[in-house]
Amino acid sequence: MKLAFKNWLKVLRKKVSTLRWMIKSYHRKVQIYKQGVVHATFDPKGPGVVRLHLVPPKPSFRHDPDSLLVIQGYFLINVGHAFAAILRTFIQELVKRCPTNREISMEEVEAIETETIRRVKKDYPKANNEKILSDLRELVTLAIDIAKGNDLPKELKDGMDLSSYFRYAPGPQRMDLVISPMKLKGRKHCPLNCKVCYAKNQKMMDLDDVLTTHQWKKIIDKCRQAGIPMITFTGGEPLMREDIVELVEHAQWFITRINTNGWLLTPDLAKRLYEASLDGIQFTLYSDDPAIHDEMVDTIGAWAHTMAAIKSALEAGLMVSVNTPLLVKNRDYTKTIRFFGENGVRCVTCSGLIPTGGAEEEMAIGHALTQMEMKQVLAEAVATCNELAMDISFTSPGWLSEAEADEIGLPSTPVCGACSSNMAVAPNGEVVPCQSWLGGESLGNILKTPWNRIWKSKRCQEIRTRFANKGTCALKKEG
């Protein structure tokens, strides 16, 4: 009887000890979750800047769920809790010692690594110093390889899909900030008049006043608190705002992009945007033929402005891509791609017409390509880009099936990202499912409505469930 009691007491003590460890471990997970997303930038002024965002998982009492590593705002990898602890600690030490994007010496790197090992060993005392350092360097090297397009292990070629991402996501991968309306006080505010513009004649793009610099900074801060890793400044024309450099500089925690027609981009502005740590700039150009482009934007001389802007951006060191909405008039896209390549552009994107705004009128009068014609244009474009070692992406869901995209060698099949991979904030602060969804439906005002209430709202979840990761445009289906 005495022996049985001792054994029972021994088992009880062991269970109590295990429970204490689980409680302590859970408390640590809660603290990490409350800290939120951590961010690091490597080589900010180099030709291959690398930006990492580590998203913590929701705490679990019984097991250690993976964290999510977001590289360059789009590549997603599951990271086990031990690896995540090492990387999170390293990022925290890096930010503490180097709060600005300056170059750091090898001595500083070694000091950061040493402090990382010391801190990790407080939570994992049995961990081996060399193993911690090896795991850290493996993760950093992998991130750099992904960011710079180097060869990856087969199992990591495509990263994580969107449906898996939603298990972690506190918000979309990208938030489009529509910082400039199309009309202001009833007058045209955009310098061009693109015939197929998605924002044309949209209710939320006609305002009596714009948000202030302080309000947009507050919105940027709310996006950071929500753990959204990428921001795109768009419009209308985002360069209409005199505070654009200030807003980009305020958003250095994110991957930052600007979508522009280039009309207002001077060499000086391009340089200041580069110095503000802008990661990329995308221009819209309809053709290598000036007459076609100028007709499509209804402005004589626009082509020359945009080409000068592209040159300025490249000379400033910005990462440049050029987008071309495809329709009947500019279907000779391979000629345009070759022109881009000759002018130093290595990344191109293209799209079909989005069934909203001005494009609806063009589609109604037969100016859109058919799906068969689009497939042929894209097949020729992919072959040309492969020949010229250029990157190409097609961004419009619903035009090609996965099998057709594979057949022509398109890098990926476009899927709908509404309320999932991307959302948008309209010029009045209203959150909409995507930047093309500006007709009036709002999910809440980001300046007034708590983000969780927007992200987890019934309507947001409905759109996400119906369209996320599917090859159809939500607007087309809704309409």
Side-chain angles (χ1 to χ4, degrees), residues 176-211 232-241 258-265 282-287 292-303 305-306 309 322-330 349-369 395-399 417-418 422-442 473-479:
D176 296 323
L177 303 185
V178 188
I179 59 175
S180 181
M182 296 296 294
K183 286 185 178 180
L184 191 58
K185 292 182 170 60
R187 301 179 65 180
K188 188 168 81 77
H189 189 61
C190 184
L192 303 184
N193 188 33
C194 301
K195 291 183 178 180
V196 298
C197 178
Y198 69 87
K200 190 176 181 180
N201 303 324
Q202 297 277 44
K203 185 176 180 181
M204 291 187 183
M205 297 301 287
D206 187 352
L207 301 182
D208 290 330
D209 208 352
V210 295
L211 296 180
T232 297
F233 295 98
T234 184
E237 173 49 53
L239 300 188
M240 289 292 291
R241 291 194 65 105
I258 286 178
N259 292 346
T260 178
N261 57 43
W263 183 265
L264 298 171
L265 188 76
Q282 182 182 88
F283 297 91
T284 298
L285 194 76
Y286 288 89
S287 175
I292 291 176
H293 179 80
D294 288 359
E295 180 185 348
M296 290 307 303
V297 302
D298 196 25
T299 307
I300 295 173
W303 185 91
H305 270 274
T306 300
V322 181
N323 180 61
T324 304
L326 297 172
L327 60 163
V328 171
K329 191 172 290 291
N330 64 350
T349 66
C350 55
S351 59
L353 299 188
I354 303 169
T356 186
E360 282 189 302
E361 300 171 12
E362 295 297 306
M363 295 170 80
I365 57 178
H367 288 178
L369 296 167
T395 59
S396 298
W399 289 87
N422 57 275
M423 295 175 72
V425 179
N428 56 1
E430 300 295 329
V431 179
V432 293
C434 76
Q435 68 169 349
S436 302
W437 206 309
L438 294 161
E441 179 178 6
S442 170
C473 177
L475 284 170
K476 189 174 183 180
K477 194 132 182 175
E478 289 283 303

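Numbers for residues simply follow the sequence, beginning at 1.
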Check your understanding: Run the side-chain contact (heavy atoms from CB on, under 4.5 Å) check on His305 and Thr299 step by step: do they pass?
Key -> CA-CA 11 Å; His305 270 274; Thr299 307; over 6 Å; no
Practice item. List the steps, then state whether side-chain contact (heavy atoms from CB on, under 4.5 Å) holds for Met205 with Val178. Key: CA-CA 9 Å; Met205 297 301 287; Val178 188; 3.7 Å; yes
Check your understanding: Could you walk me through whether Phe233 and Thr260 pass the side-chain contact (heavy atoms from CB on, under 4.5 Å) check?
Key -> CA-CA 9 Å; Phe233 295 98; Thr260 178; over 6 Å; no
Practice item. Let me see the working for Cys190 and Trp263 under side-chain contact (heavy atoms from CB on, under 4.5 Å), right down to the final yes or no. Key: CA-CA 10 Å; Cys190 184; Trp263 183 265; over 6 Å; no
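Here CG of Asn261 is found 9.5 Å from CE of Met240. Values are rounded to the nearest 0.5 Å. Between atom SG of residue Cys197 and atom CE of residue Met296 there is a gap of 11.0 Å, rounded to the nearest 0.5 Å. Atom-to-atom distance recorded for His189:NE2 and Lys183:NZ is 13.5 Å, nearest 0.5 angstrom.
Minimum heavy-atom separation, Ala302 to Val297: CB-CG2, 3.4 Å. Minimum interatomic distance between Ser351 and Thr395 (heavy atoms only, all atoms of both residues): CB-OG1, 3.4 Å. Considering every non-hydrogen atom in both Thr349 and Asn323, the closest pair reads OG1-OD1, 2.8 Å.
Not counting sequence neighbours, the partners of Ser442 by the side-chain contact (heavy atoms from CB on, under 4.5 Å) test are Met204, Glu430. Qualifying side-chain contact (heavy atoms from CB on, under 4.5 Å) partners for Ala309, counting only residues two or more places apart in sequence or in other chains: Leu265, Phe283.
Within the 3.5 Å criterion, the main-chain N or O of Ser436 finds a donor-acceptor partner in the side chain of Gln202. With Asn330 contributing its side chain and Tyr286 its backbone, the two residues share a donor-acceptor pair below 3.5 Å.
By the 4.5 Å heavy-atom criterion applied to side chains, Val196 and His367 are not counted as neighbours. At a threshold of 4.5 Å between non-hydrogen side-chain atoms, the residues Leu192 and Glu237 do not count as touching.
When Thr232, Val322, Thr234, Asn259 are each tested for a side-chain contact (heavy atoms from CB on, under 4.5 Å) with Gln282, only one passes: Asn259.
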